[in-house]
Amino acid sequence: MTVESVRPKDTTATAEPPVAGGAVPLLGHGWRLVRDPLAFLSQLRDHGDVVRLKLGPKTVYAVTTPALTGAVALSPDYIIAGPLWESLESLLGKEGVATANGTLHRRQRRTIQPAFRLDAIPAYGPVMAEEARALVERWRAAAGVLDITYESFRVAVRVAARCLMRGSYMDARADRICADLTTLFAGMYQRMVVPLGPLYKVPLPSNREFNRALADLHVLVDEIVADRRAGGQKPNDLLTALLEAKDDNGDPIGEQEIHDQVIAILTPGAETVGSTVMSLLLVLTEHPELGDKIRDEVESVVGDRPVAFDDVRKLTYTANVVTETLRLYPAVWILTRRAVADTELGGYRIPKGADLIYSPYAIQRDRRSYERNEDFDPDRWLPERSKDVPKYAMSPFSVGNRKCPSDHFSMAELTLITAVVAHAYRFEHAPDSDPRPRIGITLRPRRLMLRALPR
Ligand code: HEM
């Protein structure tokens, strides 16, 4: 059955969604989700618009059509909770914007939103441009094989930290943040797919390394907050907004909340942008003709001077390459929610407490929404063609009250970086590069080792 439109809510719906095929005794669908999650999630729509999955003893509801994922994201009946968020709480805390719900979440969004508003982005332009150009210089000096995982996460952390928490102290700390986050994200994904709580308390080297990175990140954030307070300055940035924020009674927010907020903003910012920069560099390596076209666009828009932030809105082809990369390689490839009431979705009953999952990866590659769905085609984002894309079939930043606050910030940053590096270099794989997808909390190429060849 295919339901393309969202029907009015019918809380009397009694039909149970079909169970997806391929479950095995005991593990249910868990083994397929662990073995090849992208392929598994991508074929679920053939089983129904909403399907039940058995993950061990648990039932999870998978939502498979663009319209219904939009309905979930926009409905107050579903909140942030479920396995993904439980695994993230050890890092993000319970009082940060990414994990809070209800009135706390609304207040926190109000605090952080001004730093991400469209009219706030140009102020970050010089830092974004400087960091993009610094990459080109670093790679010229390196003149060998580049470890793109490190390079991509490094630039993502530096841009987020320098723009949102202005101050020279970030230069020294960006590398430490980067190293800690790499360890933490790998460990958290493992904790999500293999949720064997006590096992992670055993003092194995991997657990010790995870705990060390977690402790170091918390120390770093405390240092950043303490430095800012000691300096007595109040630049117009996100950190000042957090330090000055008031709770619903008009009192300053607590230290724990400030701490959790800094982590809850820096962490998703670094991981998602880092993963997307990797995917973009893979795309430029595997489709050199795209890089040539970007170079031509940069030359016609910018001429001989360096690319600047003000050029971004005219670099439409480059932006379409970024958008198409986000379609085929969405860093946030899976999302989870929990129903807080007995409710209905696509004509099916969803019981209170049910966990839901859906996959932007599966939705954005669905042949029912996109012609030549697996092809990399930036021109599908030309206005005359993009109007045919079904609603919610392209939501890499999500929609609704949990929509990424940083969509404009990220698009500007990614377009600028892509323009600057593609103008300067072509790329080729070095022998030990492994571009297969690495599926963790985010989706990215596994290990990208590239040579940057000056144009
Ligand atoms: C390519 C870049 C990015 C992508 C694809 C992305 C994607 C997303 C998505 C899909 C969500 C919604 C999660 C959900 O619905 O459960 C989200 C939330 C969030 N993102 Fe991003 N993001 C990106 C960059 C950033 C950056 C640069 C920052 C900060 C510097 C950031 C901060 C956040 C925060 C704080 C939330 C939680 C919002 C809330 O729950 O109210 N993101 N992001």
Side-chain angles (χ1 to χ4, degrees), residues 63 69-70 72-75 78-85 88 91-93 95-102 104-113 115-116 120-121 124 127-128 131 152-153 155-165 177 181 237-239 241-242 260-280 319 322-323 325-338 356-361 363-364 392 394-415 417-418 441-444:
V63 183
T69 58
V72 169
L74 293 169
S75 162
Y78 305 101
I79 61 161
I80 288 278
L84 173 68
W85 299 103
L88 284 172
L91 172 61
L92 299 181
E95 293 187 32
V97 64
T99 44
N101 280 299
L104 176 60
H105 175 253
R106 278 196 292 280
R107 167 165 69 66
Q108 293 182 332
R109 282 290 294 226
R110 275 200 304 275
T111 304
I112 69 169
Q113 207 65 47
F116 292 104
I121 309 301
Y124 306 129
V127 170
M128 291 179 179
E131 290 291 338
S152 303
F153 281 78
V155 74
V157 168
R158 290 181 64 85
V159 171
R162 288 190 62 203
C163 289
L164 301 171
M165 296 170 209
I177 298 183
L181 288 181
D237 69 359
L238 183 69
L239 188 52
L242 292 176
D260 286 359
Q261 280 283 65
V262 172
I263 293 198
I265 293 161
L266 252 191
T267 311
E271 187 66 18
T272 48
V273 172
S275 299
T276 309
V277 172
M278 284 187 81
S279 296
L280 274 162
V322 174
T323 304
T325 302
L326 286 167
R327 180 181 78 86
L328 286 171
Y329 308 99
V332 179
W333 64 280
I334 189 163
L335 287 167
T336 71
R337 292 286 189 272
R338 183 165 291 157
L356 281 75
I357 61 170
Y358 62 95
S359 167
Y361 177 95
I363 297 283
Q364 291 172 189
Y392 309 122
M394 177 64 188
S395 306
F397 295 101
S398 193
V399 291
N401 67 339
R402 314 305 303 221
K403 175 173 176 245
C404 182
S406 172
D407 51 349
H408 300 304
F409 180 102
S410 302
M411 280 305 292
E413 173 183 3
L414 292 166
T415 306
I417 290 176
T418 306
I441 304 270
T442 56
L443 175 71
R444 61 166 171 85

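Every number for a ligand or one of its atoms is a count from 1 in the order of the listing. Values reported hereafter were calculated over all heavy atoms of this structure, with side chains retained and with hydrogens, waters and symmetry mates removed. Positions are given from 1, in the same order as the sequence printed here. Since the structure is predicted, the reported quantities are computational estimates derived from the model, not experimental observations.
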Q | Minimum-distance pair of heavy atoms, taken over all atoms of M278 and S152 | A | CG-OG, 3.3 Å

Q. Could you state the interatomic distance from CE (M394) to CG (L326), rounded to the nearest 0.5 Å?
A. 5.5 Å

Q) Can you tell me which residue and heavy atom of the protein come closest to atom 31 (C) of ligand 1, and the distance to 0.1 Å? A) S406 CB, 3.7 Å

Q.
Strictly distance-based, threshold 3.5 Å: is any side-chain N or O of E413 a donor or acceptor partner for the main-chain N or O of Y124?
A. no

(Q) Students should be able to answer this: which protein heavy-atom is nearest to atom 4 (C) of ligand 1, and at what distance? (A) F397 CE2, 3.5 Å

Q | T336 (side chain) donor-acceptor with A81 (main chain) under 3.5 angstrom | A | yes

Q) Which ligand 1 atoms, with their elements, are less than 4.0 angstrom from a heavy-atom of T276? A) 1 (C)

Q: Give the residue and atom name of whichever protein heavy atom lies nearest to atom 16 (O) of ligand 1, and the separation in Å to one decimal.
A: R337 NH1, 2.9 Å

Q: Any atoms of ligand 1 less than 4.0 Å from a non-hydrogen atom of H105? List them with their elements.
A: 39 (C), 40 (O), 41 (O)

(Q) Is there a side-chain contact between Y329 and L280 in this structure, where contact means two heavy atoms from C-beta onward sitting under 4.5 Å apart? (A) no

(Q) What protein heavy atom lies closest to atom 12 (C) of ligand 1? Include the residue and the distance to one decimal. (A) R402 O, 3.3 Å

Q: Answer yes or no: does an N/O atom from R109 fall short of 3.5 Å to an N/O atom of ligand 1?
A: yes

Q: Kindly compute the distance separating OG1 (T272) from CZ (R444), expressed to the nearest 0.5 Å.
A: 12.5 Å

Q.
Show me which atoms of ligand 1 lie under 4.0 Å from any heavy atom of A264.
A. 35 (C)

Q: List every atom of ligand 1 that sits less than 4.0 Å from any heavy atom of L335, numbering the atoms from 1 in the order shown and giving each element.
A: 13 (C), 14 (C), 15 (O), 16 (O)

Q: Provide, to 0.1 Å, the distance between atom 8 (C) of ligand 1 and the closest protein heavy atom, together with that atom's residue and name.
A: C404 CB, 3.6 Å

(Q) Yes or no: does Q108 have any heavy atom under 4.0 Å from an atom of ligand 1? (A) no

**Q.** Winner among P405, S398, A98 once heavy atoms are compared against atom 34 (C) of ligand 1
**A.** P405

Q) Can you check whether S410 has an N/O within less than 3.5 Å of an N/O in ligand 1? A) no

Q) So how far is it from Y392 OH to L74 CG, rounded to the nearest 0.5 Å? A) 4.5 Å

Q | Spacing of OG1 belonging to T99 relative to CD1 belonging to I263, to within rounding of 0.5 Å | A | 10.5 Å

Q: Measure the spacing between OG1 of T276 and CD of E271 and express it to the nearest 0.5 Å.
A: 9.5 Å

Q) Only one of V97, L335, N101 clears side chain to side chain contact (heavy atoms under 4.5 Å, CB included) with I80; which? A) N101

Q. Heavy-atom contacts under 4.0 Å between V97 and ligand 1: side chain, backbone, both, or neither?
A. both

Q: Can you pull out the closest protein heavy atom to atom 29 (C) of ligand 1? Residue, atom name and distance to 0.1 Å, please.
A: I265 O, 3.4 Å

Q: Note the single closest protein heavy atom to atom 24 (C) of ligand 1, along with its residue, its atom name and the distance in Å.
A: T272 OG1, 3.1 Å

Q.
Using a 4.0 Å cut-off to any heavy atom of P396, which atoms of ligand 1 qualify?
A. 5 (C), 7 (C), 10 (C)

Q. Taking atom CD1 of I265 and atom CD of Q108, what is their separation to the nearest 0.5 Å?
A. 8.0 Å

Q.
Has R337 got a side-chain atom pairing as donor or acceptor with L356's backbone, closer than 3.5 angstrom?
A. no

**Q.** Enumerated ligand 1 atoms positioned under 4.0 Å from heavy atoms of I80
**A.** 16 (O)

Q: Find all atoms of ligand 1 within a distance of less than 4.0 Å from any non-hydrogen atom belonging to L164, and give their numbers and elements.
A: 30 (C)

Q) Just which atoms of ligand 1 are under 4.0 Å from any heavy atom in V273? A) 2 (C), 27 (C)

